[in-house]
Amino acid sequence: MKEEELVGTRDAYGKALLELGRDNKQVVVLDSDVSESTRTKWFAKEFPDRFFNMGIAEANMMGVASGLATCGKIPFASSFCEFGTSRCYEQIKLSICWARQNVKIVVSHAGITVGEDGASHQAIDDIALMRGLPNMTVLVPCDAIETKKAVFAAATTDGPFYIRLARAKFPLILKDDYQFKIGKGVVLREGKEATIIACGLMVKQALLAHDTLSREGISVMVINMSTVKPIDKDIIIKAAKETGAIVTAEEHTIIGGLGSAVAEVLVESNPVPMKRIGILDRFGISGSPDELLKRFKLTGEDIHNAVLEVIKRK
Amino acid sequence: MEIYELEEKAKEVRRWIIKMLAEAGSGHPGGSLSCVDLITCLYFKVMRHDPKNPKWQDRDRFILSKGHGAPALYACLALTGYFEVERLMTLRKLDSILQGHPDMSFTPGVEMSTGSLGQGLSVATGMAISGKLDKKDYRVYVVLGDGEIQEGQIWEAGMAASHYRLDNLTAFMDYNRFQIDGLIENVIGIEPVVDKWKSFGWEVLEIDGHRIREILDAIDTAKRVKGRPTMIIAHTVKGKGVSFMEGENRFHGVAPTKEERDRALQELT
């Protein structure tokens, strides 16, 4: 079997920033002392005048980004997911979202696949937080190819953006000619008996579940929902009508994230049996990313079992 | 504008604050009246700005980080021509362009939405960095509350502004000595506040925040400082200009009654 190519979404971000920086002098980058890890250091090296390390002070970084945006800059503010969201939530909420400033928050090290560092560094509630903010767009790309396109889309679309990236490298799922559109889910596999809606690294797990299920003679649709807000209502309702059962999958608490967003659409339009795969209202722990995905029941096998369960409930 | 004219203008702003707040029935008279002279000097004398072109790229910027002083800012914006003066009487009412705390989406001339304390100095830092980056000569002014500097974010911003050598940034601390729960020194003391800002790498000036000449001189001095931002500690009186409000913390967040309004307006003629 051919070895899969693994590429970091944060690496794709670092490269995308370089391209953006060359194209547009208004692009500036801020980081909070983790520029090596978020890959913003690459931008800093090529454009030292347009890079601002704000130190371990994320709240201030978000305010400074807002101030830069008022002057026509396109600021990308980066940190680890945990520190670039809940740590500075009110600054994002008021100085950026309420003030409607054109700030792009791009975080790496989301979810439990941060791994060995443990719970203090594993953001599990960030999608819920960012999704609750008026004016905010929330993107969770599934691989490096989508990451690049998402970063470009954010740079060229006015308004606050949140892009969630990971520490772990992801297998490439999409092709270079993939058309990314903000607010549009994409059907990766057609199917008839149930639909799996996933985001981020769980898209790969959803595809694994799909393959196992097809070997068992069960036909499931797989949707990559990389825009969690604004959520693509049409594709959710269509999938519910066509397949009659939905499973969501995210590396995030099941409270307030993708699963909740999908459930909100379904209960108000076309309720069908549904199950959310995600972190079950608990904090993370130390371990290797693969061990943690198994322990927290975030594998293709867990999605597979959830699909069987929702089909039974139809 | 001469000093006596600025003094008259400040009095006019105070009259508007009293009228607006009495009409609104809620709001913050004490902290609005204490920062009037600072903001009046900025809008009527110091700042390069064009009310007919609020987004002019080369304008000086002002942020009222202590957003609850909004009536003082709104009165200055109206009286310099950003919007009709009659609008001031719609303060805090449904669909008004004058929200309870400054909202840049609604009010022409408001440079940043504020109200939750601690955030304005960071935004001002971003504006000042942008000015340096674009080699523009505009200046950025920000008014902080004294209680506001209890917020940790203020000190994060203080460190960053000094690190990036933002000599185009001037902050005022409206030192009226009170916060909602009482005297600052009884809640969480901020002294020695001059030493604190100095140790953060700022130029620090101390003035009487109600004497126009001292305010203008301090701003001039700040313009000449190179390589670091300036903090002007402005000693003020909460409720300044209205005898029964001065130093009376009851008027932190309670609007004057109709009777109190009339008494106040008589004093301010």
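Just so it is clear, the values below take in all heavy atoms, side chains as well, and ignore hydrogens, waters and symmetry mates.
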> How about A:Lys45: does its NZ atom have over 12 heavy atoms from other parts shown lying under 6.0 Å from it?
Replying inline: no
> OG/B:Ser105 to CZ/A:Arg100 distance, rounded to the nearest 0.5 angstrom?
Replying inline: 4.5 Å
>> Is B:Glu111 close to chain A through its backbone or its side chain, or both, or neither, when contacts mean heavy atoms under 4.5 Å?
In response: backbone
> Is the CZ atom of B:Arg59 crowded by more than 12 outside heavy atoms at less than 6.0 Å?
Replying inline: yes
> How about B:Ile180: does its CD1 atom have over 12 heavy atoms from other parts shown lying under 6.0 Å from it?
Replying inline: no
> In terms of heavy-atom contacts, does CG of A:Asp281 have more than 12 from other residues, nucleotides or ligands at under 6.0 Å?
Replying inline: no
>> Would you compute the distance between atom OG of A:Ser66 and atom CD of B:Gln119 and round it to the nearest 0.5 angstrom?
In response: 9.0 Å
>> Using the rule given for side chain to side chain contact (heavy atoms under 4.5 Å, CB included), can you reason through B:Arg61 versus A:Cys71, listing the C-alpha separation, both sets of side-chain angles and the distance that settles it, and then say yes or no?
In response: CA-CA 10 Å; B:Arg61 272 85 170 160; A:Cys71 300; 4.0 Å; yes
> More than 12 non-hydrogen atoms from neighbouring residues, nucleotides or ligands closer than 6.0 Å to NZ on A:Lys233, yes or no?
Replying inline: no
>> Using heavy-atom distances under 4.5 Å, tell me whether B:Asp103 contacts chain A through its side chain, its backbone, both, or neither.
In response: both
> Should B:Thr125 and A:Phe52 count as side-chain neighbours, where that means a heavy-atom distance under 4.5 Å?
Replying inline: no
> More than 12 foreign heavy atoms under 6.0 Å from CD of B:Glu191: is that the case here?
Replying inline: yes
> Side chains of B:Ser116 and A:Glu90: is there a donor and an acceptor less than 3.5 Å apart?
Replying inline: yes
> How many angstroms lie between atom OG of A:Ser95 and atom CD of B:Gln153, to the nearest 0.5 angstrom?
Replying inline: 6.5 Å
> Between CD of A:Glu58 and CD of B:Glu156, what distance do you get to the nearest 0.5 Å?
Replying inline: 7.0 Å
>> Using heavy-atom distances under 4.5 Å, tell me whether A:Gln101 contacts chain B through its side chain, its backbone, both, or neither.
In response: side chain
>> For a 4.5 angstrom cut-off between non-hydrogen side-chain atoms, does A:Asn60 reach B:Met159?
In response: no
>> Rounded to the nearest 0.5 Å, what separates atom NZ in A:Lys25 from atom CG in B:Asp134?
In response: 11.5 Å
> To the nearest 0.5 Å, how far apart are CE in B:Met112 and CG in A:Leu94?
Replying inline: 10.5 Å
